[in-house]
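It should be emphasised that the depicted structure is a prediction, and the values quoted were computed from it without experimental measurement.
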Amino acid sequence: MKISILDDYHDTLRTLDAFKKLAGQEVTVWNDHVQDTDALAQRLKDAEALVLIRERTKIRAPLLERLPKLRLISQRSIYPHIDVDACTRLGVVLSSNQNFGMPSYATAELTWGLIIASMRDIPRQIESLKAGRWQAGVGNTIRGKTLGIFGYGRIGAVVAGYGKAFGMKVLVWAREASQARARADGYAVAASREAFFEGCDVITLHLRLIDATRGIVTAQDLAQMKPTALIVNTSRAPLIEPEALVNALRAGRPGKAAVDVYEEEPLRDTHHPLLNLPNAICTPHLGYVTREDHEIAFAEIFDQINAYVAGKPINVVNPEALANARK
């Protein structure tokens, strides 16, 4: 097949052991980010299979309708960036392993790194040292503090374990079934949503972005947090009500934020308010960006391509598309 891989910013995929799974295929790797429909239609006009790296590029009907040779989109995890109905109508199979059984340890580790970096003001201390000023103030320890886990799924459970290991009190807020799992794992569940936001010293978000969770963290929630508290988001930016986080940080409740995700990515606007607030630490969506995670994810993505070539597609999101499949 003629395969196009989008948004491989650092040309990493060719260096993975998993890339050998595409031996014998005609592979084109694009290292830049393009969202313009005309430009994408031109560069993908001969593509039969498309490999996506998470949600970096939106694949909507106006683009799909201009890709007459496309038969397969292969990716991993959720797919809010893909017009599945248009894929089905046009006979484009979407294969995406939801990997429900395995957490992203890389994301959990980054979450914990951001918590420590924020509580100890590590970025500011580094800049102070580089500027010849030695220490830049006094940070805060995390032992004995309350760690709030909003969304007790696979990643949230791992982060809760890190909090326990560091001597934090772990408090969970989640849907009822997740609360039951948290209790079974020995963690406390907040008495109410208000008590959760008011009582936690650190709150970290670990929810999937679906219609029901979009904007689930409101300006009112943030206003209830302590002026000494930290909120961390390594999940998805739209979990927080638009503009609410910036306004809350300016108002001083919570006192700090650590953010790895943004409404529009890649974020290249150096004037973005989050990048210019002294009480925010920002990283460029690094949660899953490790060589180890890439090996796991792209082995599955490339297996999906090989299964399709063999006539036995796997992890098919839209099986109805098989009836319309392009020849």
*salt bridge (charged side-chain N to carboxylate O under 4.0 Å, His left out): which pairs involve residues 246-255, sequence neighbours left out?*
none
*With sequence neighbours left out, what residues match Arg66 under salt bridge (Lys or Arg N to Asp or Glu O under 4.0 Å)?*
Asp38
*Who passes salt bridge (Lys or Arg N to Asp or Glu O under 4.0 Å) against Asp293, sequence neighbours left out?*
none
_So, using salt bridge (Lys or Arg N to Asp or Glu O under 4.0 Å) as the criterion, who are the partners of Asp201 when residues are at least two apart?_
Lys226
*For Glu295, enumerate each residue passing the side-chain hydrogen bond (donor to acceptor under 3.5 Å, both in side chains) test, keeping only those at least two apart in sequence or located in another chain.*
none
_Partner set under side-chain hydrogen bond (donor to acceptor under 3.5 Å, both in side chains) for Asn233, not counting sequence neighbours_ = none
I'd like a table of donor-acceptor pairs (distance under 3.5 Å, sequence neighbours excluded) in which one partner is a side-chain atom from residues 156-175, with atom names and distances.
none

_Residue pairs, two or more places apart or on separate chains, that pass salt bridge (charged side-chain N to carboxylate O under 4.0 Å, His left out) and touch residues 22-37_ = Asp32-Arg43
*For Ile210, which fellow cluster members are found when Ile, Leu, Val, Met, Phe, Trp and Tyr are connected by side-chain heavy-atom distances below 4.5 angstrom, either directly or through intermediates?*
none
*Could you grab the distance from atom CG of Leu110 to atom OG of Ser104, nearest 0.5 Å is fine?*
9.0 Å
*Mind telling me whether Phe298 and His294 have parallel, tilted or perpendicular rings, with 30° and 60° as the class edges?*
perpendicular
*If you link I, L, V, M, F, W and Y whenever their side-chain heavy atoms are under 4.5 Å apart, who else ends up in the same group as Trp134?*
Leu129
*Distance from Ser77 atom OG to Tyr288 atom OH, nearest 0.5 Å?*
10.0 Å
_Contact list for residues 180-197, test salt bridge (charged side-chain N to carboxylate O under 4.0 Å, His left out), sequence neighbours left out_ = Arg193-Asp221
*Could you give all pairs that pass the salt bridge (charged side-chain N to carboxylate O under 4.0 Å, His left out) test and reach residues 112-125, with sequence neighbours left out?*
Asp121-Arg124, Asp121-Lys256
